[in-house]
Asks: 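Following this message is one structure expressed as structure tokens.
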Amino acid sequence: MIRFTLAAGAALLLAAAPVLAQTTPPQATASGKTTAATAAPGSEEWLRLRGESYRAAPEAEQDPAEVAETIRLNAEIAARNAAAERAEAEAAETYERQSARWREETARAETQRAQYEADLAAANSARAAYERSRAAWEAEVAACERARRVCVTTPAPKY
């Protein structure tokens with residue numbers, strides 16, 4: 001048990017080592033510059049320390065063609081997302097309809113199976129009753145033949 005616990009702990013440390021190495025924050029420098037730990041998350045300084053260099057241009061400096069293209073692309077993405085949502089809703093409705101139909105068919109099949117089993121049990125019971133009646137009649141006829149007498153018997157049972 002102790003070996004297992006030690007082995008599990010060692011495996012956990014080996015698996016976590018790369019994650020811990022990636023999440024270690026940068027250390028403060030001797031020159032007193034801002035570090036990632038002291039920069040406000042999302043600020044330009046915070047992004048710069050992580051290697052990001054994006055800065056939005058002021059509204060007046062933006063290229064109208066680029067803005068129009070961005071608007072067009074955003075509209076296209078929104079239209080695709082709406083179409084995907086509609087398709088997903090239709091697929092969910094189709095699934096529910098087919099699932100309900102399957103449940104109905106399953107219930108119908110189970111009902112038919114139960115009816116078949118009941119009919120089979122009734123047929124087996126009737127056959128057993130016929131075979132008992134036939135055996136009794138054959139025994140009575142055989143007894144009459146052995147006694148060499150004429151017996152008045154009921155006719156042989158019919159199936």
Side-chain angles (χ1 to χ4, degrees), residues 1-136 138 157-159:
M1 181 68 174
I2 294 174
R3 283 186 181 172
F4 175 75
T5 305
L6 290 175
L12 182 61
L13 285 175
L14 286 173
V19 173
L20 293 173
Q22 292 175 2
T23 58
T24 304
Q27 302 297 321
T29 60
S31 63
K33 291 184 177 179
T34 306
T35 64
T38 59
S43 68
E44 285 189 35
E45 182 68 17
W46 185 79
L47 291 171
R48 187 186 60 73
L49 288 170
R50 283 172 173 67
E52 302 288 334
S53 61
Y54 173 78
R55 280 189 225 139
E59 197 70 32
E61 294 178 16
Q62 291 190 0
D63 180 13
E66 188 176 335
V67 171
E69 181 66 11
T70 300
I71 291 171
R72 186 190 67 75
L73 290 173
N74 286 342
E76 185 179 310
I77 290 169
R80 280 196 313 248
N81 288 346
E85 287 176 10
R86 282 191 304 275
E88 185 176 348
E90 290 172 4
E93 289 174 11
T94 300
Y95 171 79
E96 287 303 322
R97 277 193 311 274
Q98 291 183 354
S99 179
R101 190 176 76 215
W102 176 82
R103 286 189 300 273
E104 290 170 3
E105 289 175 5
T106 301
R108 188 172 30 258
E110 285 298 315
T111 301
Q112 289 174 345
R113 184 187 58 76
Q115 184 62 50
Y116 167 79
E117 289 176 357
D119 292 346
L120 180 63
N124 287 340
S125 176
R127 181 169 186 84
Y130 165 78
E131 288 173 355
R132 283 191 304 273
S133 177
R134 178 76 183 195
E138 287 175 354
K158 302 218 183 212
Y159 188 56

Asks: Could you work out, with salt bridge (Lys or Arg N to Asp or Glu O under 4.0 Å) as the rule, every residue matching E110, not counting sequence neighbours?
Replies: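 Scan of E110 (salt bridge (Lys or Arg N to Asp or Glu O under 4.0 Å), adjacent residues dropped) gives R113.
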
Asks: How long is the straight-line distance from CD of Q98 back to CD of E105, given to the nearest 0.5 Å?
Replies: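 Separation between the atoms: 10.0 Å.
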
Asks: Could you go step by step and tell me if E138 and R134 meet the salt bridge (Lys or Arg N to Asp or Glu O under 4.0 Å) rule?
Replies: CA-CA 6 Å; E138 287 175 354; R134 178 76 183 195; 3.1 Å; yes

Asks: Under the criterion salt bridge (Lys or Arg N to Asp or Glu O under 4.0 Å), I'd like the reasoning laid out for E104 against R108: C-alpha separation, chi angles, the key distance, then a yes or no.
Replies: CA-CA 6 Å; E104 290 170 3; R108 188 172 30 258; 5.5 Å; no

Asks: Hey, is the main chain of A129 close enough, under 3.5 Å, to the side chain of S133 for a donor-acceptor pair?
Replies: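 Not at all, since once roles are kept as given, no pair shorter than 3.5 Å links the two residues.
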
Asks: Using modelled atom types and a 3.5 Å cut-off, is there a donor and acceptor pairing between side-chain atoms of S125 and backbone atoms of A121?
Replies: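 Absent.
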
Asks: With a 3.5 Å cut-off and no angle check, do the side chains of N81 and E85 form a donor-acceptor pair?
Replies: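 Looking only at side-chain atoms, E85 and N81 do not form any donor-acceptor pair under 3.5 Å.
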
Asks: Verify whether one side chain among R97 and T94 offers a donor that lies under 3.5 Å from an acceptor in the other.
Replies: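 Checked: R97/T94 side chains pair up, N/O donor to acceptor below 3.5 Å.
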
Asks: Output, in order, the C-alpha distance, side-chain angles, deciding distance and verdict of side-chain contact (heavy atoms from CB on, under 4.5 Å) for Q115 and Q112.
Replies: CA-CA 5 Å; Q115 184 62 50; Q112 289 174 345; 5.6 Å; no

Asks: Could you tell me which residues satisfy side-chain hydrogen bond (donor to acceptor under 3.5 Å, both in side chains) with R72, sequence neighbours excluded, listed by chain and number?
Replies: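 Residues passing side-chain hydrogen bond (donor to acceptor under 3.5 Å, both in side chains) with R72: E69, E76.
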
Asks: To the closest 0.5 Å, what do you measure between CG (L73) and CD (E66)?
Replies: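 Nearest 0.5 Å value for the CG-CD distance: 10.5 Å.
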
